[in-house]
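Single-structure report; data block below.
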Amino acid sequence: MNVIQGKTDCKPMETGYDESRIDHLNKRWQEMIDRKIIHGASYCIAHKGKVIAHGSIGRNNAMGTDTPMQPDTVFGIASITKTFTATAIMQLIEDGYIRLNTYVGEILPQFAEKPFNDITIWHLLTHTSGLYPDGGCFPETAPPDQWELINAAAEKWDGKGEFDWITHGISAGLRRLPGQEWQYASFGFTILGEVVTRVSGQNVHDYIEEKIIRPLKMSDSGFYHTKDTASRCFIGSERNRDYLAKIISGEIDNRKGNGSVWDNIPGTSGGMHSTVYDLVRFGNAYANNGRLDGARILGRKSVEKMSTIQLSGVPDYCWGANEPNRLYGIGFDIRHGLSFNYSDRTIMHEGAGASSLDIDLEEQLVAAWFVPFDEGANGWSAEPLYNVQNIIWSGLI
């Protein structure tokens, strides 16, 4: 078992954490690698504001090449991006420009007409807008896909005027009335990205970089790769490898886009990359009431609001669930029950593929881990996500 150690601030025992549980965690990673559940793992754990564990094990690619996963491996954080989008929205609320109950139609005219005119910022943040959810959530044979609707319209566009991606994206209408049901709708967070752009007057990617990423010194995070971050990325496919190689060589400047309509569509539902160390810095800011190392990204009351259960009696049937009362915060998932061993004041978000960011506000324990699924996961596995969370939290003394 070859575990590569990253940078830490202190020994686990100095914060009241049992170091033997890290040894067990590494053992379990290796077992999952051997069973082809994951290709490898990169992880970082902080307790009481101090990084106490940071390491990696396994392969840094899905190609079968024996290059090691690194503690500073860069990866696409997928839906963990949504927590950054929610943070940006809460900043604009704190600054007095919008409210949680502001109707989206007050900002985006496409939402001012029925059946979209009752959708609020809060609905989008809590996945209760009624917009069609992500593919695979429900067993419909051909549910409307916002991205396909936009792409089909883009192929027919004559290039004149401004391409109205929002109208095309919502052209399928609503699956449910606002507030009626929890449906995981990534497209809603793309809309929230456009809200940030319109309200702030600054492109949302640049806004998140200026207002969140740079203040927290998250040097390996963002929507655009540098040559350095591209060179440290997990390689998921040949196509991915070739694209990253063009960034590294300078052939592609991904900040400039490729001149298509997609350049103007926010990547705020899942377009960021990061490292586990950077994600822990973001989580530590939340664990410290919105501040870290002299930087302020939010006030204490906003953190409290975002970590408070927002829904009551709203059912969730996504992915085969039959939950009559879905627990959810503002842009963060809140899950209680037999699968989870953390405190009730824990907020988290999973990233497809897979990664997780868990922030226990009561224990001030923050953990981020990247565990790219291998063939044995059959597309998704709870073992490197939920089971691992229980291992990490078992170290608290």
Side-chain angles (χ1 to χ4, degrees), residues 5-23 25-26 41-56 71-72 77 80 83-84 86-88 90-91 94 208 211-221 272 274-308 329-334 340-349 351 355-370 388-397:
Q5 300 295 335
K7 53 188 176 182
T8 58
D9 296 321
C10 65
K11 298 282 188 183
M13 280 299 295
E14 294 179 42
T15 69
Y17 190 94
D18 182 354
E19 187 170 0
S20 71
R21 302 312 293 163
I22 305 300
D23 295 333
L25 176 63
N26 287 323
S42 181
Y43 63 92
C44 187
I45 304 168
H47 187 214
K48 298 180 180 178
K50 303 288 187 181
V51 174
I52 58 171
H54 184 205
S56 62
D72 65 348
I77 65 173
I80 296 175
T83 64
F84 289 81
T87 303
M90 290 304 293
Q91 288 179 338
E94 283 193 336
I208 289 174
K211 303 290 187 180
I212 303 172
I213 292 172
R214 272 192 240 144
L216 295 181
K217 296 181 172 63
M218 299 172 63
S219 58
D220 291 329
S221 303
M272 282 182 61
S274 191
T275 60
V276 290
Y277 186 86
D278 271 8
L279 287 179
V280 163
R281 287 193 63 80
F282 180 65
N284 272 338
Y286 270 89
N288 194 41
N289 291 320
R291 296 173 181 269
L292 184 68
D293 297 340
R296 178 196 185 278
I297 61 167
L298 283 175
R300 177 170 61 89
K301 301 308 290 185
S302 289
V303 173
E304 291 174 0
K305 187 76 170 181
M306 297 176 77
S307 59
T308 299
I330 298 292
F332 281 94
D333 207 343
I334 298 177
F340 307 99
N341 217 19
Y342 42 49
S343 306
D344 285 350
R345 289 196 66 230
T346 298
I347 54 179
M348 57 85 67
H349 213 294
S355 56
S356 193
L357 171 64
D358 294 45
I359 307 165
D360 189 329
L361 299 171
E362 181 177 318
E363 295 287 349
Q364 289 192 305
L365 184 64
V366 178
W369 60 101
F370 170 53
V388 162
Q389 176 270 314
N390 289 332
I391 297 171
I392 294 172
W393 261 252
S394 72
L396 290 169
I397 298 173

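In what follows, residues are counted from 1 in the order of the sequence shown.
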What's the spacing between [X] [atom1] and [Y] [atom2] if we round to 0.5 Å?
X	Y	atom1	atom2	result
Glu19	Glu14	CD	CD	10.0 Å
Ser219	Ile213	OG	CD1	10.5 Å
Met272	Ile77	CE	CD1	4.5 Å
Leu279	Ser274	CG	OG	4.0 Å
Ile397	His47	CD1	NE2	9.0 Å
Asn289	Leu298	CG	CG	10.5 Å

Do the side chains of [X] and [Y] get close enough for a salt bridge, i.e. N-O under 4.0 angstrom?
X	Y	answer
Asp293	Arg281	yes
Lys305	Glu94	no
Glu304	Lys301	yes

For [X] versus [Y], what's the shortest heavy-atom pair and its separation?
X	Y	result
Val366	Ala287	CG2-CB, 4.1 Å
Ala285	Leu216	CB-CD2, 4.0 Å
Ile212	Gln91	CG1-NE2, 3.8 Å
Ser343	Asp360	OG-OD2, 2.9 Å
Pro71	Val276	O-CG2, 3.7 Å
Ala46	Asn284	CB-ND2, 3.6 Å

Donor-acceptor side-chain pairing of [X] and [Y] below 3.5 angstrom:
X	Y	result
Asp72	Thr275	no
Thr83	Tyr286	no
Ser56	Ser42	no

I'd like to know if the side chain of Asn288 and the backbone of Gly290 have a donor-acceptor N/O pair within less than 3.5 Å. no
What is the ring orientation for Phe84 with Phe282, classed by angle as parallel under 30°, tilted 30 to 60°, or perpendicular over 60°? parallel
With side chains defined as the heavy atoms from C-beta onward, is the minimum distance between [X] and [Y] less than 4.5 Å?
X	Y	answer
Leu25	Val388	yes
Gln389	Asn341	yes
Cys44	Val51	yes
Ser355	Ile80	yes
Ser356	His349	no
Glu363	Thr346	no
Leu357	Trp369	no
Cys10	Ile52	yes

Derivation of the side chain to side chain contact (heavy atoms under 4.5 Å, CB included) call for Arg291 and Ile297: CA-CA 6 Å; Arg291 296 173 181 269; Ile297 61 167; over 6 Å; no
Working for side chain to side chain contact (heavy atoms under 4.5 Å, CB included), residues Thr87 and Met90: CA-CA 5 Å; Thr87 303; Met90 290 304 293; 5.8 Å; no
Do Leu365 and Ile45 pass the side chain to side chain contact (heavy atoms under 4.5 Å, CB included) test, and can you show the C-alpha distance, the side-chain angles, and the key distance before you say yes or no? CA-CA 7 Å; Leu365 184 64; Ile45 304 168; 3.8 Å; yes
Results of ring pair (Phe, Tyr, Trp, His ring centres under 6.0 Å) for Phe340 - residues two or more places apart only: Tyr342, Tyr386
Set of residues satisfying ring pair (Phe, Tyr, Trp, His ring centres under 6.0 Å) with respect to Tyr17, sequence neighbours excluded: none
Pair Asp358-Trp393, side chain to side chain contact (heavy atoms under 4.5 Å, CB included): steps then yes or no: CA-CA 10 Å; Asp358 294 45; Trp393 261 252; 3.5 Å; yes
Please find out if less than 6.0 Å separates the ring center of His54 from that of Tyr277. yes
